Structures are given as C-alpha cells and as structure tokens.
A.B. asks: 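What follows is a single structure, and I will ask about it in a moment.
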Amino acid sequence: MSIEKEIGKRRTFGIISHPDAGKTTLTEKLLLFGGAIQTAGAVKSNKIKKTATSDFMEIEKQRGISVATSVMAFNYRDTQINILDTPGHKDFAEDTFRTLTAVDSVILVIDCANGVESQTEKLMEVCRMRNTPVIVFINKMDREGRDAFDLLDELEEKLNIKVRPLSWPIGIGETFQGVYNMHRGELNLFEGNKTNIAKENVKIDDLSSNQLDDFVGAESAAELREEVDLVNGVYDELDTQDYLQGNVAPVFFGSALNNFGVQELLNTFIEIAPTPRGREADSGLISPTDSKFSGFVFKIHANLDPKHRDRIAFLRIVSGKFERNKFYQHSRISKKLKFANPTSFMAQDKSVIDEAFPGDVIGLYDTGNFKIGDTLTEGESFFFKGIPSFSPEIFKELQNDDPMKAKQLDKGIQQLTDEGVAQLFIKQPGNRKIVGTVGELQFEVIQYRLKHEYSAACTFISKNYHKACWMTTTDENQLEDFLKRKANYIASDKDGNPVFLAESAWLLSSAEEDFPAITFHKTSEFKLEQANS
Ligand code: G4P
C-alpha cells in the first residue's frame with residue numbers, strides 16, 4: 001500500500017473530559033464497536049481511583065496498566081483508529097496536555113447534568129492553542145440533565161468555539177426516547193442496553209410525516225419538529241473545513257453506558273475527522289507525506305521493572321515510514337540509534353512491528369537516551385516544536401535526607417523530570433532544586449519512586465510561588481536589568497532558560513507593568529506562538 005493510502009486510513013485522536021463525565025466508558029464502547037475488546041470492563045481498571053492519593057501500590061499498578069492502554073489501536077471499517085489515552089485525574093494534567101500534542105483531533109465528553117466543568121475548560125484551552133478539531137459528545141442522556149439549548153450555549157460561551165448539533169435528543173432522563181440524527185435523517189430510538197451494539201436506526205426522510213408520531217408519540221414528535229427547526233435556524237450547516245480548522249465543533253447526544261449514540265459518533269468521526277497531520281519543526285512544516293521518516297517523543301514510561309531500568313518512549317510518527325532495525329538520527333544528542341523491538345499497540349496487545357506510518361504511535365525501548373519532546377529523523381537535524389511545559393501550580397524545594405545518596409538523588413530527579421513527572425528548576429546560589437507540579441499527588445509519586453528505584457530519600461519544603469514564567473523581550477537591556485533586580489526569584493529550567501518565580505498574581509502583574517518590554521509566558525510554548533505569528 002502506498003504511504004498516502006496508509007495515511008488516508010488513519011485517525012489518531014484523544015478523548016478528553018472532566019473526571020466522571022464518561023471518558024473511560026466511551027473509550028470502552030468504541031473499542032467494543034471496533035472489536036478490539038469483547039467485554040465491557042476491560043478499560044475500567046485504567047482509572048486512578050479518586051481516593052487513591054496515598055495508595056502507592058495502586059499507583060504502581062496503574063503505571064503498569066497505563067502502558068497497555070496509553071494507546072489503543074483498532075480497525076473499524078477499513079480505518080485504523082489510534083486512541084491516545086489521557087489521564088483524567090487532574091494531578092496528571094501535564095501528561096494529558098503533552099498527549100494532546102500527539103493527536104490530530106479530540107472527542108470531548110460532557111456530562112449532560114454538569115455541563116462544562118473546570119477541567120473541560122483547561123483541556124479545551126490546549127486544543128484551542130493548536131486549533132485541534134473537536135467533536136463533542138454530550139453523555140448520560142438517560143439521566144436527568146440540563147436543557148440541550150442551554151448546554152450548547154454554555155459550550156460556545158465557556159469553550160470559545162462555535163457548535164453545530166448533528167443529532168438532537170428526544171426528551172431526557174426518564175423521558176429520553178432517543179435521538180434524531182440530523183446529519184443522516186435517521187431516528188435512533190433509545191433502549192437501555194449495555195451490551196447490545198447492533199441496532200438499526202429508523203430512516204425518517206421527512207420529519208413532518210406521521211411516521212415520527214408513531215415512533216415517539218404526537219407530543220414528543222411536535223416538540224422535536226419545533227426544536228429541529230430552531231436548531232437549523234440558529235446554527236449554520238456544518239462546514240467540514242471549519243471543523244477541521246478548529247472553529248466549529250459538531251455535537252452528538254447519547255449515553256455511553258447504554259451504548260447509545262456511540263456508533264453514530266464513530267461513523268461520523270471516521271467520515272470527517274482529520275487524517276494524520278504534519279507538525280511544525282524549527283526548519284518549517286513537516287508534512288506527513290514527506291518521504292523521510294520523522295517523529296517525536298511525547299511520553300515516557302520508565303523503570304517499570306526497577307531491576308532492568310527499562311523505559312518505553314512513546315513516539316508519534318509525523319512523516320515517512322518507520323522501519324525496525326534502521327538507524328535514525330536523535331536530533332538533540334546527535335546520535336544514530338536503531339530499534340530492534342519497536343512495539344505497536346493494536347487491540348491492547350503489545351507486539352513487535354516491522355514498520356509504522358504517520359499517525360501511528362510506537363513504543364521504543366530505551367536505556368536513557370530520550371526526553372519528552374525529543375525528535376527522531378532519517379538524518380536531518382531538526383526539532384519538532386511545541387511539546388509545551390506549563391507553569392506548575394505547586395512548588396516545593398527538594399531536600400536530600402541522606403547525604404551518602406546525593407548522586408542517586410540527583411540522577412533520580414533528573415530522570416523523573418525527563419520523564420515528565422514534574423518540572424525541575426535550579427535556583428542559585430547553591431544549585432537548589434525547585435520541583436514544580438500541577439498536583440500534590442506528583443510529590444508523593446516522586447518521593448516513592450526516588451526511594452524504590454534510586455534508593456534516595458528526600459523531603460519537600462513548600463514554596464510560596466504562584467507561577468513560573470518564561471520570558472521573552474524586545475529589549476535585552478531591560479531583561480538583563482530585570483534578571484539582576486529579581487535575582488532572588490529567578491531560576492533556570494532544564495534547558496537553561498531563565499524563569500521568573502512570581503510569588504503572587506499581583507507581583508506578576510506589577511512586573512508586567514514595570515517591565516513593559518518583557519513578555520511573561522505561562523507556558524514554554526511561546527516559541528511556537530512566536531513562530532506562528
Ligand atoms: P471518566 O473516565 O470520565 O472519569 O468517567 P467514567 O467513564 O468512569 O464514568 C463515570 C461514571 O459515570 C461511572 O459510574 C459510569 O458508569 C457512569 N456513566 C458513564 N456513562 C454513563 C451514561 O451514559 N449514563 C449513566 N447513567 N452513567 C454513565 P461509577 O458509578 O462512577 O462507576 P461504575 O461503578 O459504574 O464503574
């Protein structure tokens with residue numbers, strides 16, 4: 001098969017949601033439709049329980065499971081679907097943000113009773129930054145929830161995106177009868193069924209016909225006609241280009257738990273979702289059809305077996321064909337590497353593959369060569385941009401509790417931060433290590449893993465920082481002056497970039513006022529933004 005054909009049949013995407021909206025359930029149902037799993041319940045174990053903040057065995061177990069479910073690939077109607085798993089737990093938000101750089105589109109799951117929640121907003125901000133196309137699935141329609149028009153208004157308002165419903169609910173909760181698929185002119189009648197996946201939709205060519213009354217009753221039929229009229233009046237027809245540019249999100253209603261509306265979602269998804277896209281590199285846009293192979297690492301799982309210190313680097317292929325046992329260039333360290341056992345993640349089986357194509361994610365066994373964001377090429381020296389570091393929200397100073405193990409501690413914290421568990425900032429004088437995360441859970445994970453994998457003991461001392469900001473300037477002298485004056489609040493990130501550790505929102509905004517030539521960035525992605533502007 002030609003490389004264009006291979007690209008054309010792939011869809012690589014992520015499912016995002018606020019915890020509990022139904023991401024795991026929907027993922028599972030998609031796998032069920034794709035024949036990748038036979039029973040419900042197989043993906044469920046991937047969830048970090050909300051109460052598990054101190055249950056380290058649980059965390060360890062989850063790390064093991066999440067390798068298997070980090071990427072779930074299956075075939076559906078001649079399309080190869082690659083679902084990239086994004087942890088729902090908010091303390092792992094960084095991991096989710098990074099994974100979003102490796103997808104070409106997302107499905108956003110919303111709970112019909114809760115609407116847009118805090119985590120939804122954050123995740124969508126990341127999608128908006130790179131214009132990732134979004135399809136919305138409003139879930140749990142079998143339960144009482146909010147009015148559909150209200151939900152759509154809220155989506156537009158809070159997520160800053162236009163919406164276009166492609167299906168419309170008939171009733172909700174107790175009165176839920178199903179959905180009318182406006183896209184195809186079909187009626188999908190609800191029947192609470194958690195396992196049955198083969199149900200035919202009823203074709204309704206003309207909504208005004210009495211046929212509709214026969215199925216849903218005169219009252220609901222009249223209401224549906226009125227609402228569909230309103231929808232068609234208020235929302236423009238879906239323009240697929242607009243969706244692909246991330247300007248408008250098609251919306252579906254359903255109930256993942258009941259397998260309801262999932263197949264329509266999947267069918268429309270394979271029809272309109274983007275095929276693998278190119279990525280911006282420092283040398284320009286790398287197109288998937290470029291003949292030479294390239295890809296980037298967006299996730300690393302390390303030390304799954306502490307005895308072997310093995311790591312798996314997850315690489316998203318951007319262009320060309322990847323081949324087993326061929327030498328590739330690791331741009332950052334200018335070294336040639338080849339891989340004897342690259343793995344794919346078809347239907348949850350890890351198996352060694354001989355070749356892979358743009359859009360695919362492969363697992364590369366690694367002995368410590370990779371960091372998150374690394375680029376692999378067929379020889380050229382370029383770097384993919386835009387694996388963002390976000391400003392952490394919690395900062396703590398790492399203190400060594402066992403002076404005999406200083407080296408181990410150093411190595412451990414370097415490796416864990418390479419893996420993306422947390423961010424490391426070095427502060428002078430004294431090379432003090434400030435660890436920044438988005439959640440408390442990470443500190444427990446770090447302490448636990450340093451002890452078990454590196455035999456190092458540490459404690460954390462809380463620091464009162466509000467944000468870590470990267471800086472760019474139009475006036476080098478002003479930046480120099482700032483760095484001198486605020487020396488006590490300056491640290492450097494792992495790449496040596498200076499970072500301002502602002503103690504409060506107020507201090508940050510006064511710095512912005514006093515030093516107008518400096519821009520303070522809350523994500524390291526400013527480099528990509530600059531390149532795009
Ligand atoms: P998440 O991954 O987004 O965190 O959500 P998850 O799929 O785990 O779903 C959260 C809860 O919502 C689960 O219940 C799940 O069964 C339920 N749920 C998902 N989709 C639907 C739906 O369409 N209708 C209804 N009524 N419920 C739905 P739980 O009690 O937390 O877990 P479990 O005991 O059922 O496993």
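Note that the structure is a prediction, hence the values are computed from the model and not measured. Whatever order the structure lists ligands and atoms in, that order sets their numbers, starting from 1.
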A.B. asks: Looking at Ser255, which atoms of ligand 1 are within less than 4.0 Å of one of its heavy atoms?
C.D. replies: 22 (C), 23 (O), 24 (N)
A.B. asks: Any side-chain donor paired with an acceptor under 3.5 Å for Tyr76 and Gln263?
C.D. replies: yes
A.B. asks: Check Asn139 against ligand 1 and report side chain, backbone, both or neither, counting heavy atoms closer than 4.0 Å.
C.D. replies: side chain
A.B. asks: Have a look at Phe260 and tell me which of Phe137, Phe252, Phe176 forms a ring pair (Phe, Tyr, Trp, His ring centres under 6.0 Å) with it.
C.D. replies: Phe176
A.B. asks: Answer yes or no on whether Lys396 is positioned over the face of Phe443, meaning its NZ or CZ is under 6.0 Å from the six-membered ring centre and within 45° of the axis.
C.D. replies: yes
A.B. asks: Hey, is ligand 1 close enough to Asp142 that some N/O pair sits below 3.5 Å?
C.D. replies: yes
A.B. asks: Record the part of Lys140 in heavy-atom contact with ligand 1 below 4.0 Å; permitted values are side chain, backbone, both and neither.
C.D. replies: both
A.B. asks: Report, in ascending order of atom number, the atoms of ligand 1 lying under 4.0 Å from any heavy atom of Leu257.
C.D. replies: 16 (O), 20 (N), 21 (C), 22 (C), 23 (O), 24 (N), 25 (C), 27 (N), 28 (C)
A.B. asks: Going through the checks in order, is the salt bridge (charged side-chain N to carboxylate O under 4.0 Å, His left out) test met by Arg184 and Glu271?
C.D. replies: CA-CA 12 Å; Arg184 292 176 203 278; Glu271 194 183 305; 3.3 Å; yes
A.B. asks: Taking it one step at a time, do Asp104 and Arg277 satisfy salt bridge (charged side-chain N to carboxylate O under 4.0 Å, His left out)?
C.D. replies: CA-CA 6 Å; Asp104 299 304; Arg277 295 174 146 188; 5.5 Å; no
A.B. asks: By number and element, which atoms of ligand 1 are closer than 4.0 Å to a non-hydrogen atom of Pro19?
C.D. replies: 4 (O)
A.B. asks: Kindly give the heavy-atom pair with the smallest separation between Ala256 and Asn139, and that separation in Å.
C.D. replies: N-OD1, 2.7 Å
A.B. asks: For atom 6 (P) of ligand 1, which of Thr25, Thr27, Ile15 has the closest heavy atom?
C.D. replies: Thr25
A.B. asks: Please find the pair of heavy atoms, one from Ala422 and one from Val435, that lie closest to each other, and give the distance.
C.D. replies: CB-CG1, 3.7 Å
A.B. asks: Between Gly22 and ligand 1, is there a nitrogen or oxygen pair with a distance under 3.5 Å?
C.D. replies: yes
A.B. asks: Which ligand 1 atoms does Ala256 reach within 4.0 Å, using its non-hydrogen atoms?
C.D. replies: 23 (O)
A.B. asks: With heavy-atom distances below 4.0 Å as the criterion, list the atoms of ligand 1 near Lys23.
C.D. replies: 1 (P), 2 (O), 3 (O), 5 (O), 7 (O)
A.B. asks: Is the contact between Ser17 and ligand 1 made by the side chain, the backbone, both, or neither, using heavy atoms and a 4.0 Å cut-off?
C.D. replies: side chain
A.B. asks: Does the side chain of Asp360 pick up a donor-acceptor pair with the side chain of Gln80 at under 3.5 Å?
C.D. replies: yes
